[in-house]
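As the structure is a computational prediction, the values presented were derived from the model and not from experiment.
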Amino acid sequence: MWDAVAEYGDGPELRHKLVAARLATETQVAEGIAAQTGLPFIDLASITLSADTIASVPAALCRRYHVIPIERGRRSLTIGMLDPTDLIAIDDITTATELNIRPAVVSADALEAAFGRFLRSDEELSDLSEQIGESAVADGSAGTESIEESVDDAPIVRFVNLLISQAINDRASDIHIEPGEKQLLVRYRIDGVLHEMQRADRAIQDGVISRLKIMAAVDIAERRKPQDGRLSVHHDGRQIDLRLATLPTVWGEKIVMRILDSSAQSLSMGDLRFSIRNEQRFRGAITRPHGMVLVTGPTGSGKSTTLYTALNTVANPRINVITVEDPVEYRMAGINQVQVNARAGMTFQAALRSILRSDPDVVLVGEIRDQETATISIEAALTGHLVLSTLHTNDAPSALTRLVEIGCEPFLVGTALSAVVAQRLARRLCVKCREAYTESRDVLSSVKFPHNPLDPPVLYRAVGCSACSGTGYRGRVALHEVMEVTESLEQMVVGHATGTELRQSALADGMIPLREDGFSKVSEGITTIEEVLRVSI
């Protein structure tokens, strides 16, 4: 395996394939390259990096060649590289620094963390916003007339590009650009929590918003009604898709961009971190030849990721898989994906009717929003199709009552549904800095955490380090509640049972509640009690 790594040099594709296939970790790949080249491997997480040393090489060169300065001598500079055989990179850095370059090998994930800490764009963004603001004030051109000219100015283009690239580097899921009376506020949602990243002068607002609207191919002249668009950017050799939505507010148009991470396409069932019993139930439902499986939860709870993973699990060349979505978040090879377009008459209902005439085996409906979509989906599940969809409810049993409230016949709901998954996303503890501790018995009892009073469990809490930007958390993990629709539940739905009665019956049939599933992940050291209490009911 290491011979292949050495043969291909920097081999980003090979490295990605090895890591994606779980044949090796990023650290093992780096150690293999070091062994083949005879150069030292340096674990960036175990050493203290100096901002002054890192400043020896321009940030643009560091990002272009994927390098990080580690140690500076009197006439030498040790740099960490993904590909230590890249002579062009070494040559350019030698010219820029006038120092003797000593290459070493570092892992890709550690390099990304170092970039996030030391090569952030915040300072440059502030300088650019001031520069743009001063130009706008000097020209008296902060109004509408100057938009056409300003969007092509290098500072505006650079400002927008930096906003997007910094968000991707910070692992943000959403970028919020919010106009105010005097300032333009930029916030990133990272691991489900919004963080203020930038405050810019209001003078740059029109230019930034117009630039983004042009990139997303929406009407820049329309400011009175919401618009949706999509744009793609290239970042570190890969294409990133972003979904853009505008919303008119009293101070101007607010823009929210959802960063669509294509890694969701390649997730396996193991990556979803189901408990053993929940995974068995979920697999049993999605591998049936017909029936309906619903994933419920609020916006941003990972419903789409779970559905795409289910599609990856069941899709193969022998079956016809068709989706109808608004919008299509991830493009998947071998799957027919239909984009809803209400203006052209392509609604969920119209698309579903056409899909059912196209001989599908598996149908994914992006969201059930009304009676007609729900009825067609249920009828499809009853006529030999596997239907996957999402619904907005607080827990799994509520999906049954919600479908009845929409207007579906109770006996059809009970017969068509195979399983319902409710889920939430909790922040995942950073494994580099988490700290073990023993929680008091009073606290464990007050939150009903399962434990032995005579032998309190060892749990972990957030601390904060450079790898997690001081938050103590890095990434997210899903909490699940998987409800199989049994005969007893079918009968209760037909009898118009309340949501509370349905939940009690589901629990009696072995359903694991969201909070209990979350507490099991706390016991494994994946997340904290505070996170589980924050996201679960």
Side-chain angles (χ1 to χ4, degrees), residues 5-6 8-17 19 26 29-30 33-34 37 39-42 44 49-72 76-128 131 154-172 215 231-242 259 261-262 466-467 469:
V5 176
Y8 284 92
D10 66 351
E13 284 189 24
L14 178 60
R15 187 179 72 248
H16 291 155
K17 287 178 181 177
V19 174
E26 294 281 11
V29 171
I33 294 173
T37 56
L39 294 170
F41 165 75
I42 296 178
L44 294 178
L49 294 173
S50 163
D52 292 337
T53 300
I54 291 173
S56 303
V57 179
L61 280 183
C62 290
R63 290 197 179 277
R64 184 188 309 163
Y65 294 121
H66 303 286
V67 304
I68 191 82
I70 295 174
E71 184 180 2
R72 180 168 180 169
S76 65
L77 179 67
T78 301
I79 59 170
M81 307 179 70
L82 297 186
D83 174 21
T85 64
D86 188 347
L87 298 179
I88 296 176
I90 294 173
D91 226 20
D92 283 357
I93 296 170
T94 301
T95 303
T97 61
E98 298 182 350
L99 296 170
N100 295 322
I101 302 302
R102 297 177 178 175
V105 185
V106 297
S107 65
D109 51 356
L111 183 66
E112 183 182 346
F115 278 2
R117 183 180 179 192
F118 293 101
L119 298 183
R120 295 183 57 83
S121 307
D122 304 54
E123 188 175 338
E124 187 174 356
L125 282 169
S126 297
D127 293 342
L128 278 170
Q131 179 183 342
I156 286 284
V157 174
R158 179 69 177 151
F159 184 89
V160 169
N161 291 346
L162 280 174
L163 279 184
I164 296 173
S165 64
Q166 188 62 63
I168 296 170
N169 290 333
D170 285 352
R171 302 175 295 104
M215 291 173 71
L231 60 142
S232 296
V233 297
H234 288 278
H235 180 78
D236 284 347
R238 60 193 178 113
Q239 181 172 306
I240 305 290
D241 292 329
L242 297 96
I259 299 172
D261 186 0
S262 59
S466 60
S469 302

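Between the CD1 atom in I156 and the CG atom in N161 there is a gap of 11.0 Å [rounded to 0.5 Å]. To the nearest 0.5 Å, atoms CG (L77) and OG1 (T53) are separated by 7.5 Å. Taking CD1 of I101 as the reference point, atom CG of L87 lies at 13.0 Å (rounded to 0.5 Å). Within the model, atoms CD1 of I168 and CG of L163 stand 11.0 Å from one another, a figure rounded to the nearest 0.5 Å. Atom OG of S232 sits about 9.5 Å away from atom CD1 of I240, to the nearest 0.5 Å.
Residues passing the side-chain hydrogen bond (donor to acceptor under 3.5 Å, both in side chains) test with S56, sequence neighbours excluded: R72. The side-chain contact (heavy atoms from CB on, under 4.5 Å) search around A89 returns Y65, M81, D86, not counting sequence neighbours.
Across all their heavy atoms, T78 and A104 have their closest contact at CG2-CB, 4.4 Å. Of all non-hydrogen atoms in P69 and C62, the two that sit nearest each other are CD-SG, 3.8 Å. Across every non-hydrogen atom of I259 and A172, the tightest pair is CD1-O, 3.4 Å. Closest approach of D92 to L61, counting heavy atoms only: O-CD1, 4.3 Å. Heavy-atom minimum distance, P84 versus I90: O-CD1, 3.8 Å. Residues I70 and I42 share a closest heavy-atom pair of CD1-CD1, 3.8 Å.
For residues 94-109, the pairs satisfying side-chain hydrogen bond (donor to acceptor under 3.5 Å, both in side chains) are S107-D109, with sequence neighbours left out.
At a threshold of 4.5 Å between non-hydrogen side-chain atoms, the residues V57 and I68 do not count as touching.
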L111 and H66: CA distance, side-chain angles, deciding distance, side-chain contact (heavy atoms from CB on, under 4.5 Å) verdict: CA-CA 8 Å; L111 183 66; H66 303 286; 3.9 Å; yes

CA sep, side-chain torsions, deciding dist, call: L82, E26, side-chain contact (heavy atoms from CB on, under 4.5 Å): CA-CA 10 Å; L82 297 186; E26 294 281 11; over 6 Å; no

